[in-house]
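Remarks on the structure that follows.
These numbers were taken from a predicted model, which means no experiment stands behind them. Note on naming: letters A, B, ... go to the chains in the order of the sequence lines (proteins, then strands), and numbering restarts at 1 for each one.
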Protein chains: 2
Amino acid sequence: MARTDEKVRYAPEGKPFDYTPQTAALSAQNVIRVLEGRWKLVILFQLFGSNVRRFSELEKAIPGVSQKMLIQQLRQLEADGVVARIVHPQVPPKVEYHLTEWGQSLCPVLDKLLSWAEAAPADVRDRLIESDRSAANTQG
Amino acid sequence: MARTDEKVRYAPEGKPFDYTPQTAALSAQNVIRVLEGRWKLVILFQLFGSNVRRFSELEKAIPGVSQKMLIQQLRQLEADGVVARIVHPQVPPKVEYHLTEWGQSLCPVLDKLLSWAEAAPADVRDRLIESDRSAANTQG
DNA sequence: CGGTATCCGGAATGATACTG
DNA sequence: CAGTATCATTCCGGATACCG
């Protein structure tokens, strides 16, 4: 039952940097930090679907988000190199957001995360798939 | 340059449940929710290394954590089915924490996350690897 | 040893109004 | 259209004291 042949990669020999449990935990935490935030995953999955979106499109595609939060989360994702921002110098203004190369490469990673969620025990899985937070969005 | 042959899995045909961008974002958010928290990843990487630890062991292995936070994060991980808790009925009390089967299967997933961090642009990667948060722990 | 209970400060989030 | 500024609130993490 126990698959002890699973290889833990965070203490390799010739890797770019050698992981200890501490440093591995630290960088993993920072990855989570990039992804956490009330609206970041919602934004990212929007961009996975269409790749390029303007601000107002995202705003109406994401019910319940305020302008402040939307711009804040976008700015943070931009600062972390996940999304890029293009300003078209025209009036009325037009600003488009899209995934960077690195941002696009996140898609299969999140896929692994979802697979992990599917492999959860039934009771846990239900909580992971269907959240009470979705109820708040249905009343928009 | 654009690898458009990457398959997005969240809208498949015969999967256990069909993903829309919304539901995918939602469940992904909940997975992140399981992992986020000031000490959860640190705890998990401790358990990846040793698999079984008692409360006091974790406490001294993780500098800077308070009893309140340690027990809180452990309880949440337990509620989410990632770790399990075993009470040995003896005096003085002995309580051990270990990864569940599902919790162990998280290891390769975090591995993918770390690989993604390594693939980041140089400037971003540096921020992901070395966090300012670690500075706060060095004064303990 | 392995917790609980309570209080506090700061950060994250959100509603609202205003602007180039 | 695409933001910025301000204020209110809620949530999270930490310090401290106490308990079976």
Side-chain angles (χ1 to χ4, degrees), chain A residues 25 29-30 32-43 46-47 52-80 83-98 131-133 136-137 139-140, chain B residues 29-30 32-43 46-47 52-80 83-98 131-140:
Chain A
Q29 258 187 330
N30 282 302
I32 296 296
R33 196 179 184 73
V34 171
L35 266 28
E36 80 183 4
R38 180 68 182 84
W39 305 100
K40 286 186 185 173
L41 271 305
V42 185
I43 292 170
Q46 284 293 324
L47 294 179
V52 177
R53 302 280 251 175
R54 357 186 356 178
F55 185 84
S56 55
E57 284 179 328
L58 286 171
E59 198 176 356
K60 63 181 168 58
I62 303 175
V65 71
S66 65
Q67 280 192 325
K68 175 192 167 182
M69 287 313 296
L70 183 55
I71 193 62
Q72 182 197 92
Q73 308 269 291
L74 280 169
R75 288 282 203 272
Q76 290 178 10
L77 287 171
E78 188 189 2
D80 287 325
V83 308
R85 177 175 176 265
I86 296 180
V87 180
H88 299 272
Q90 65 184 45
V91 41
K94 178 178 177 180
V95 178
E96 287 182 323
Y97 294 89
H98 62 94
S131 168
D132 51 320
R133 290 206 171 198
N137 289 347
Q139 64 186 10
Chain B
Q29 257 188 330
N30 283 305
I32 297 295
R33 198 177 183 74
V34 170
L35 266 27
E36 81 183 3
R38 181 68 183 86
W39 305 101
K40 286 186 186 174
L41 271 304
V42 186
I43 292 170
Q46 283 294 324
L47 295 179
V52 177
R53 302 279 252 172
R54 18 190 331 187
F55 184 85
S56 54
E57 284 180 327
L58 286 171
E59 198 174 359
K60 63 180 168 57
I62 304 174
V65 72
S66 65
Q67 278 192 326
K68 175 193 167 182
M69 288 313 297
L70 184 54
I71 193 63
Q72 181 196 91
Q73 308 270 292
L74 281 169
R75 287 281 203 272
Q76 290 178 10
L77 287 172
E78 188 190 2
D80 288 324
V83 308
R85 178 173 175 265
I86 297 180
V87 181
H88 300 270
Q90 65 185 44
V91 43
K94 178 178 177 180
V95 177
E96 288 183 323
Y97 294 89
H98 62 94
S131 168
D132 51 323
R133 289 212 172 194
S134 61
N137 289 348
T138 55
Q139 63 184 12

> If you check every side-chain atom of Ser56(B), which of dT4(C), dG2(C), dG13(D) has the closest atom?
Replying inline: dG2(C)
> Nearest to the side chain of Gln67(B), which nucleotide is it out of dG3(D), dA15(C), dT4(C)?
Replying inline: dT4(C)
> Considering only side-chain heavy atoms of Ile71(B), which listed nucleotide, dG3(C), dA15(C), dG3(D), is closest?
Replying inline: dG3(C)
>> As an exercise, state the distance from CD of Glu96(A) to CD1 of Ile86(A), rounded to the nearest 0.5 Å.
In response: 6.5 Å
> Where the side chain of Lys94(A) is concerned, which of dA2(D), dT4(C), dG13(D) is the nearest nucleotide?
Replying inline: dA2(D)
> Would one find a side-chain N or O of Arg85(A) under 4.0 angstrom from OP1 or OP2 of dG3(D)?
Replying inline: yes
>> Just verifying a value: how many Å separate Leu74(B) CG and Ile43(B) CD1, rounded to the nearest 0.5 Å?
In response: 4.0 Å
>> What is the distance, to the nearest angstrom, from the CD1 atom on Ile86(B) to the C1' atom on dG2(C)?
In response: 16 Å
>> Check this one for me: any side-chain N or O of Trp39(A) less than 4.0 Å away from OP1 or OP2 of dT13(C)?
In response: no
> Gln73(A) side chain: which of dC1(C), dG3(C), dT13(C) is closest?
Replying inline: dT13(C)
> Between Leu58(B) (CG) and dG3(C) (P), how many Å, whole number?
Replying inline: 10 Å
>> Under 4.0 Å, heavy atoms only, any strand: does Gln90(A) hit a base, just the sugar-phosphate, or nothing?
In response: nothing
> Start at the 5' end of DNA chain C and walk down; is the nucleotide closest to Val65(A) or to Arg54(B) reached first?
Replying inline: Arg54(B)
> In whole Å, what is the span from the CD atom of Glu96(A) to the P atom of dG3(D)?
Replying inline: 12 Å
> Would you say Tyr97(A) reaches dG3(D)'s phosphate, i.e. side-chain N/O to OP1/OP2 under 4.0 Å?
Replying inline: yes
>> Measure CD/Glu59(A) against P/dA15(C) and give the value in whole Å, please.
In response: 13 Å
> With respect to the side chain of Lys68(A), which nucleotide from dG3(C), dG3(D), dT6(D) is positioned closest?
Replying inline: dT6(D)
> Counting N and O atoms only, with roles assigned by atom type, does the side chain of Gln73(B) sit under 3.5 Å from a partner on the main chain of Lys40(B), one being a donor and the other an acceptor?
Replying inline: yes
>> Expressed as a whole number of angstroms, how long is the span from Arg75(B):CZ to dG13(D):P?
In response: 17 Å
> Under the side chain to side chain contact (heavy atoms under 4.5 Å, CB included) criterion, do Asn30(A) and Arg33(A) qualify, and how do the steps go?
Replying inline: CA-CA 5 Å; Asn30(A) 282 302; Arg33(A) 196 179 184 73; 3.9 Å; yes
>> What contact category does Gln72(B) fall into here, base, sugar-phosphate, or nothing, at under 4.0 angstrom with non-hydrogen atoms?
In response: sugar-phosphate
> What distance do Arg85(B) atom CZ and Leu77(B) atom CG have between them, rounded to the nearest 0.5 Å?
Replying inline: 13.5 Å
> Hey, does the side chain of Gln29(B) reach the backbone of Arg38(A) with a donor-acceptor pair shorter than 3.5 angstrom?
Replying inline: yes
> Starting at the 5' end of DNA chain D and moving along, which residue's nearest nucleotide shows up first, Phe55(A) or Gly37(B)?
Replying inline: Phe55(A)
> Between dA11(C) and Arg33(A), is there an OP1 or OP2 to side-chain N/O distance shorter than 4.0 Å?
Replying inline: no
> Taking CD from Glu36(A) and P from dA12(C), how many angstroms apart are they, rounded to a whole number?
Replying inline: 9 Å
> What's the closest nucleotide to the Pro93(A) side chain, out of dT4(C), dA2(D), dT13(C)?
Replying inline: dA2(D)
> For the pair made of CG in Leu70(A) and C1' in dA5(D), what is the distance, rounded to whole Å?
Replying inline: 17 Å
> Can you check the Arg53(A) CZ to dC1(D) C1' distance for me, whole Å?
Replying inline: 16 Å
>> Of the listed nucleotides (dG3(D), dG13(D), dT13(C)), which one gets closest to any side-chain atom of Arg38(A)?
In response: dT13(C)
